[in-house]
Amino acid sequence: MSLDTYRLLGRSGLRISPLALGTATFGNEWGWGSAPDDARRLFEIYVERGGNFIDTAASYGGSEELLGELVHDRRESLVLATKYSTLRTPGDPNSGGSHRKNLFASVENSLRRLGTDHVDLLYVHVWDVLTPFEEVLRGLDDLVRQGKVLYVGMSNTPAWEISRMQAVADLRGWSPLVALQIEYSLINRGAERDLIPMARNLGLGMSPYSPLGGGVLSGKYSAPESEPGSNRRSFNEGLGMVTSRTLGIADVVREVASEVDRTPAQVALAWNLRRPGVTAPVVGARTPEQLLGNLAALEVELTDEQTTRLDDVSAIDLGYPHDLLTGDHIRAVMSGGLTIESR
């Protein structure tokens, strides 16, 4: 597999690379990003190897402005994805949320920063419990009809909300949802309960973010005292990513990496790339060496036994009703214990 081994995005005909270039690290606003010259080199490495799927957001600091400069000469060959809904102006309640006013203002700002007349994919970044879902759907459809947005998707939204939106979009002839961005990695497989089965059934291509678990799976936090006081570690600890459980999963990733002569990050990405329904994990980097290492995950081959070990150490309890429906008792009362395969 390589960056120019393109995949279709969900129920669309859009061709995208199997790894998306995440640009949250483009800029120094977070305290751990890349300076403009470094960001340019990361961009060049990615596109020179056939990569075409670039991921940003209205809330990623100066990322959109930097991208606008970088994509200018090759805009049509790239698939630009951005997101809206998070607060843009402190003190202005209408500069955040999924409602129509913020949707149109945010997209216009993104178009200006990116220096383009359209974005290829627009995600609702975070679900807004206050805005009616019909308002969101109709606003997205209007932007598609205007040609300012080509495809639409969802991120950080409950599965039942997305499934309802997809059903209404289909019934009313509005633009369907084609993409889903979720947090998904060996240390966070919660999306397997509902979001991933929903996406596979409704035709949403999945682009997981944080496939390395905030760096935990790369091995950088192999000991509790590693990187004391670092901005990134403190950030990830606050998100609950650095725990005894996640460090234990990272240990198994490191064992498998040693067996295949690869880095832990490459093994974690290779596992993610091959999960059912995953189209293009989002990879970020601060240095060319980090990006080249991540891209090399496309070349990693894992045995069935190694994959099973990774699956087992990171497995989660799916909970009710999933555990009930797959239990021996239910199989007995539904089919008399007979084995019935779904093709």
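The figures here come from the full heavy-atom set of this structure, side chains too, leaving out hydrogens, waters and symmetry mates.
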So, for [X] and [Y], which heavy atoms are closest and what is the spacing to 0.1 Å?
| X | Y | result |
| --- | --- | --- |
| P281 | N272 | CG-OD1, 3.7 Å |
| A57 | H125 | CB-CE1, 3.8 Å |
| L325 | I330 | O-CG2, 3.9 Å |
| S155 | T157 | O-OG1, 3.0 Å |
| A280 | F53 | CB-CD2, 4.0 Å |
| T56 | S63 | OG1-OG, 2.8 Å |

Thinking salt bridges, do [X] and [Y] make one under a 4.0 Å N-O criterion?
| X | Y | result |
| --- | --- | --- |
| K148 | E108 | yes |
| D55 | K83 | yes |
| D311 | R275 | yes |
| D142 | R100 | yes |
| R41 | D38 | no |
| D317 | R193 | no |
| R75 | D120 | yes |

Checking side chain to side chain donor-acceptor pair (under 3.5 Å) for the pair T279/R7: CA distance, chi angles, key distance, verdict?
-> CA-CA 7 Å; T279 308; R7 297 173 167 181; over 6 Å; no
Test item: [X] side-chain N/O and [Y] main-chain N/O as donor-acceptor pair under 3.5 Å:
| X | Y | result |
| --- | --- | --- |
| Q166 | I162 | no |
| S17 | D4 | no |
| D141 | S175 | yes |
| N294 | G284 | yes |
| T116 | H118 | yes |
| E192 | L318 | no |
| S106 | L103 | no |
| T5 | S2 | yes |
| D323 | G319 | yes |
| R245 | S314 | yes |

Verify side-chain contact (heavy atoms from CB on, under 4.5 Å) between M1 and E301, making sure each step is shown before the conclusion.
-> CA-CA 10 Å; M1 197 187 308; E301 295 290 342; over 6 Å; no
Reported [atom1]-to-[atom2] distance for the pair [X] and [Y], which is rounded to 0.5 angstrom:
| X | Y | atom1 | atom2 | result |
| --- | --- | --- | --- | --- |
| Y123 | T82 | OH | OG1 | 10.5 Å |
| Q181 | L121 | CD | CG | 8.5 Å |
| E69 | R113 | CD | CZ | 13.0 Å |
| L212 | Q266 | CG | CD | 10.0 Å |
| R40 | I45 | CZ | CD1 | 13.0 Å |
| I187 | I316 | CD1 | CD1 | 12.5 Å |

Do [X] and [Y] have side chains that approach each other closer than 4.5 Å (heavy atoms only, starting at C-beta)?
| X | Y | answer |
| --- | --- | --- |
| W127 | N156 | no |
| E135 | H99 | yes |
| D170 | P176 | yes |
| L150 | V144 | no |
| L298 | L273 | yes |
| Y151 | L9 | no |
| Y84 | L122 | yes |
| L177 | L202 | no |

Salt bridge (charged side-chain N to carboxylate O under 4.0 Å, His left out) between E259 and R309, intermediate numbers included = CA-CA 13 Å; E259 294 168 8; R309 279 159 56 196; 2.9 Å; yes
Candidate pair T303 and Q306, rule side chain to side chain donor-acceptor pair (under 3.5 Å), full reasoning = CA-CA 5 Å; T303 67; Q306 289 166 338; 3.3 Å; yes
Given the rule that I, L, V, M, F, W and Y join up when any side-chain heavy atoms are under 4.5 Å apart, are [X] and [Y] in one cluster?
| X | Y | result |
| --- | --- | --- |
| V168 | L143 | yes |
| V126 | L204 | no |
| V283 | Y209 | no |
| V282 | I54 | no |
| L130 | L137 | yes |

I'd like to know whether [atom1] of [X] has more than 12 heavy-atom contacts from other residues, nucleotides or ligands below 6.0 angstrom.
| X | atom1 | answer |
| --- | --- | --- |
| D312 | CG | yes |
| D117 | CG | yes |
| H72 | NE2 | no |
| R15 | CZ | no |

side-chain contact (heavy atoms from CB on, under 4.5 Å) between E134 and M165, intermediate numbers included = CA-CA 8 Å; E134 298 96 335; M165 292 175 73; over 6 Å; no
May I have the step-by-step check of side chain to side chain donor-acceptor pair (under 3.5 Å) for S210 and E183, ending in yes or no?
-> CA-CA 6 Å; S210 199; E183 182 179 351; 4.6 Å; no
Would you please say whether a donor-acceptor pair under 3.5 Å links the side chains of T131 and D128?
->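 Yes.
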Is a side-chain donor-acceptor pair under 3.5 Å present for R88 with N102?
->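 Side-chain D/A pair, N102 to R88: present.
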Steps toward salt bridge (charged side-chain N to carboxylate O under 4.0 Å, His left out) verdict (E64, R112) | CA-CA 9 Å; E64 287 185 328; R112 184 176 64 254; over 6 Å; no
Check step by step if ring-ring contact (aromatic ring centres under 6.0 Å, His included) holds for Y184 and W271.
-> CA-CA 11 Å; Y184 185 52; W271 177 88; 5.7 Å; yes
Please assess S98 against S85 for the test side chain to side chain donor-acceptor pair (under 3.5 Å), listing each intermediate value before the final yes or no.
-> CA-CA 5 Å; S98 301; S85 66; 4.5 Å; no
